[in-house]
**Student:** 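Sharing a structure below in structure tokens format, with a few things to ask.
When a ligand or atom number is given, it counts from 1 through the structure's own listing order.
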Amino acid sequence: MSTPERIVLASANPKKADELRAILSASGLDVELLGRPDDVAEVVEDAPDFVGNARLKAVALAGATGEWALADDSGLEVDALGGEPGVRSARFAGASADDAANVDRLLAELGRVGAVDPAERSARFRCTIVLRSPDGVELVAEGAVEGRVLDGPRGAGGFGYDPVFVPDEGDGRTFAEMTAAEKHAISHRGRALTALVARLTA
Ligand code: IMP
């Protein structure tokens, strides 16, 4: 497969796009990363799973720009909530909810189902990445990180549910208490991108 010289990033979430850029830059992949052009409309993410939503975004962006396009879809699956919020993570507390509102809703839902003990608050972040060429060549990569949801936020870094997520592989800090590099080394997004880069450079 030909290796892309330029890749357009699909993310409309600036913090997520920053993470993708940082991880890809650190990976040593020799590629120019372009932001999503303002005149490309946002895609309605109505697929039932992460890969479906990532593909919707990658196909639309590759078609609109004529460039290779990289889209990720990600979210938090909480076992006590039957896998929710999952693909609805960005809009768990409503269509225009911000991160704080989504975290509040998550904590409220866990309280509602009586998941108080840390052992009952297991969860994982998942990330699926689709890299798509203008002529339809596609690579898909996935990553996940297991952990648990705290009963209140800790830390000021990261975004989304980071302040209430403690990865099992860490030292008890939330993702929001880690440096960006520490988070990327074990995060769902870091793992998915590492797998993608390995395949691109194989
Ligand atoms: P997406 O933009 O549809 O992929 O939605 C992703 C949503 O999942 C974000 O808005 C966050 O709420 C959540 N999420 C995904 N990755 C992370 C992460 O690394 N940390 C915290 N929250 C995340």
**Student:** Under 4.0 angstrom from ligand 1, any heavy atom of Gly75?
**Tutor:** yes
**Student:** Would you say Leu76 touches ligand 1, if touching means a heavy atom closer than 4.0 Å?
**Tutor:** no
**Student:** So which bit of Phe175 gets within less than 4.0 Å of ligand 1, heavy atoms only: side chain, backbone, both or neither?
**Tutor:** neither
**Student:** Is the closest basic N to carboxylate O distance between Glu84 and Arg88 below 4.0 Å?
**Tutor:** yes
**Student:** With heavy-atom distances below 4.0 Å as the criterion, list the atoms of ligand 1 near Lys183.
**Tutor:** 18 (C), 19 (O), 20 (N)
**Student:** Does Tyr161 come within less than 4.0 Å of ligand 1, judged by its heavy atoms?
**Tutor:** yes
**Student:** Please check this pair: side chain of Asn102 against backbone of Phe92, looking for a donor-acceptor N/O pair closer than 3.5 Å.
**Tutor:** yes
**Student:** Quickly, which of Lys15, Arg154, Lys183 forms a side-chain hydrogen bond (donor to acceptor under 3.5 Å, both in side chains) with Asp162? Name it, please.
**Tutor:** Lys183
**Student:** Using atom types as modelled and distance alone, determine if a side-chain donor or acceptor of Glu177 lies under 3.5 Å from a backbone N or O of Thr174.
**Tutor:** yes
**Student:** Atoms of ligand 1 less than 4.0 Å from Glu45 heavy atoms?
**Tutor:** 3 (O)
**Student:** List the steps and the verdict of side chain to side chain contact (heavy atoms under 4.5 Å, CB included) for Arg21 and Leu9.
**Tutor:** CA-CA 9 Å; Arg21 278 180 186 283; Leu9 299 178; 3.7 Å; yes
**Student:** More than 12 non-hydrogen atoms from neighbouring residues, nucleotides or ligands closer than 6.0 Å to CD on Glu169, yes or no?
**Tutor:** yes
**Student:** Yes or no: does Asn102 have any heavy atom under 4.0 Å from an atom of ligand 1?
**Tutor:** no
**Student:** If you take the nearest heavy atom of each of Ala97, Ala93, Ser187, Ala90, which one is closest to atom 10 (O) of ligand 1?
**Tutor:** Ala90
**Student:** Under 3.5 Å, N or O to N or O, is Asp73 touching ligand 1 that way?
**Tutor:** yes
